[in-house]
Amino acid sequence: MVYDGIVIGLIVGMIRGGFFGALKGLSRLQLVAGWIFPLLLLFQFGYFYLQGRNEALQQYTGISIMVIYVIGLLFVALNRRQPGFKTIFVGVFLNFLVMALNGGTMPVSLEAASMIGLEYADMLRTNDVVFKHAALMEHTKLPFLGDIIPVVAPYPREMVISIGDIVMNVGIFVFLQRIMTAEKNGLDHGKGTEFQRA
């Protein structure tokens, strides 16, 4: 879901800030340890690809996901002065909390999952872990923080999301709007938008 927030934020930011103004705002952005975020994305994509082809990796999925979240939380905390990053931290932490309490997997509502695809719901129903997801059961801890919200048509990508996903994406959207409209709104280093130095 984080990818959706980024894409939507970029599109709206381009519209609101103007193409060149938005690009200028993005080009001026400097995050503390900014290399961490793309590295985490690449690692997650790579792990997802290899997990289904290597049984050994499947045994360490929960631990690997938790490590990714801890590093991600550290990255967000380091950049907490950026607009929207405190909200992002809350969203990421909510997802981290429910996964940490449930063996490193995100609980997914079977009812919500069945609304986006029977195959996905069947995999969860047989208690097969789908990358970092598992079926929400009676013994699931903090079930209300799991993936319980179905997103269906007319949205172009069907999925099940959590409260943490929504909070995180609100923060991402706020962050992108602030930096991409800074040029149009006359904001700079000392006028409301902070561009952290690496």
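Nothing here was measured: the structure is a model prediction, and the numbers come from that model. Numbering of residues begins at 1 and proceeds along the displayed sequence.
Residues Leu10 and Met180 meet the side-chain proximity criterion, which asks for heavy atoms closer than 4.5 Å.
Formation of a donor-acceptor pair under 3.5 Å by the Asn169 side chain with backbone atoms of Gly5 is found in this model. Although no hydrogens or angles enter the test, the distance criterion places no donor-acceptor pair under 3.5 Å between the side chain of Thr140 and the main chain of Pro143.
Scanning all heavy atoms of the two residues, the minimum distance from Ser162 to Met106 falls at OG-CE, 4.4 Å. Between Gly34 and Pro38 the shortest heavy-atom distance is O-CD, 3.2 Å. The heavy-atom pair separating Ala22 from Gly13 by the smallest distance is CB-O, 3.9 Å. Residues Leu176 and Ile6 come closest through the heavy atom pair CD1-O, 3.6 Å. The heavy-atom pair separating Ile166 from Ile161 by the smallest distance is CG1-CD1, 3.8 Å. Across every non-hydrogen atom of Met115 and Pro150, the tightest pair is SD-CG, 3.7 Å.
The structure places CD1 of Ile68 at 13.0 Å from CD1 of Ile36, a figure rounded to the nearest 0.5 Å. Between Met168 atom CE and Leu94 atom CG the span is 10.0 Å, to the nearest 0.5 Å. The distance from atom CE of Met66 to atom CD1 of Ile63, rounded to the nearest 0.5 Å, is 10.5 Å. Taking CG of Leu73 as the reference point, atom CD1 of Ile88 lies at 11.5 Å (rounded to 0.5 Å). To the nearest 0.5 Å, atom CZ of residue Phe144 and atom CD1 of residue Ile149 are 12.0 Å apart. Between the CD atom of Gln82 and the CG atom of Leu29 there is a distance of 5.5 Å, given to the nearest 0.5 Å.
Val7 and Ile172 fall into different hydrophobic clusters, where Ile, Leu, Val, Met, Phe, Trp and Tyr side chains are chained together by heavy-atom contacts under 4.5 Å. Criterion: ILVMFWY side-chain heavy atoms under 4.5 Å apart, direct or through other members. Under it, Ile179 and Phe20 are part of a common hydrophobic cluster. One hydrophobic cluster, built from ILVMFWY side chains closer than 4.5 Å, holds both Leu31 and Trp35. Using a 4.5 Å cut-off between side-chain heavy atoms of Ile, Leu, Val, Met, Phe, Trp and Tyr, with links allowed through other members, Val92 and Phe43 fall into the same hydrophobic cluster. Note: the hydrophobic cluster containing Ile11 does not contain Leu26 (ILVMFWY, side chain heavy atoms under 4.5 Å, direct or indirect links).
For the 3.5 Å distance criterion, the side chains of Asn95 and Asp165 qualify, holding a donor opposite an acceptor. Between the side chains of Thr105 and Asn102, no donor N or O sits under 3.5 Å from an acceptor N or O.
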task: Given side-chain contact (heavy atoms from CB on, under 4.5 Å), test Ile65 with Met99 step by step and report yes or no.
output: CA-CA 9 Å; Ile65 294 301; Met99 292 178 69; 3.1 Å; yes
- request: Give the intermediate values and the outcome of side-chain contact (heavy atoms from CB on, under 4.5 Å) for residues Ile116 and Val160.
  value: CA-CA 8 Å; Ile116 68 169; Val160 185; 3.7 Å; yes
field: CA sep, side-chain torsions, deciding dist, call: Glu183, Thr181, side-chain contact (heavy atoms from CB on, under 4.5 Å)
entry: CA-CA 6 Å; Glu183 178 73 14; Thr181 61; over 6 Å; no
field: Verdict with reasoning, Leu136 to Ile148, per side-chain contact (heavy atoms from CB on, under 4.5 Å)
entry: CA-CA 9 Å; Leu136 192 156; Ile148 60 174; 3.9 Å; yes
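Within the structure, every pair that satisfies the ring pair (Phe, Tyr, Trp, His ring centres under 6.0 Å) test and touches residues 158-186, not counting sequence neighbours, is listed here: Phe85-Phe175. Applying the side-chain hydrogen bond (donor to acceptor under 3.5 Å, both in side chains) definition to pairs two or more places apart or across chains, those involving residues 6-20 are Arg16-Gln177.
Between Phe89 and Phe93, the two ring planes are parallel [angle under 30°; tilted spans 30° to 60°].
Within 6.0 Å of CD in Glu111 there are 12 or fewer heavy atoms belonging to other residues, nucleotides or ligands.
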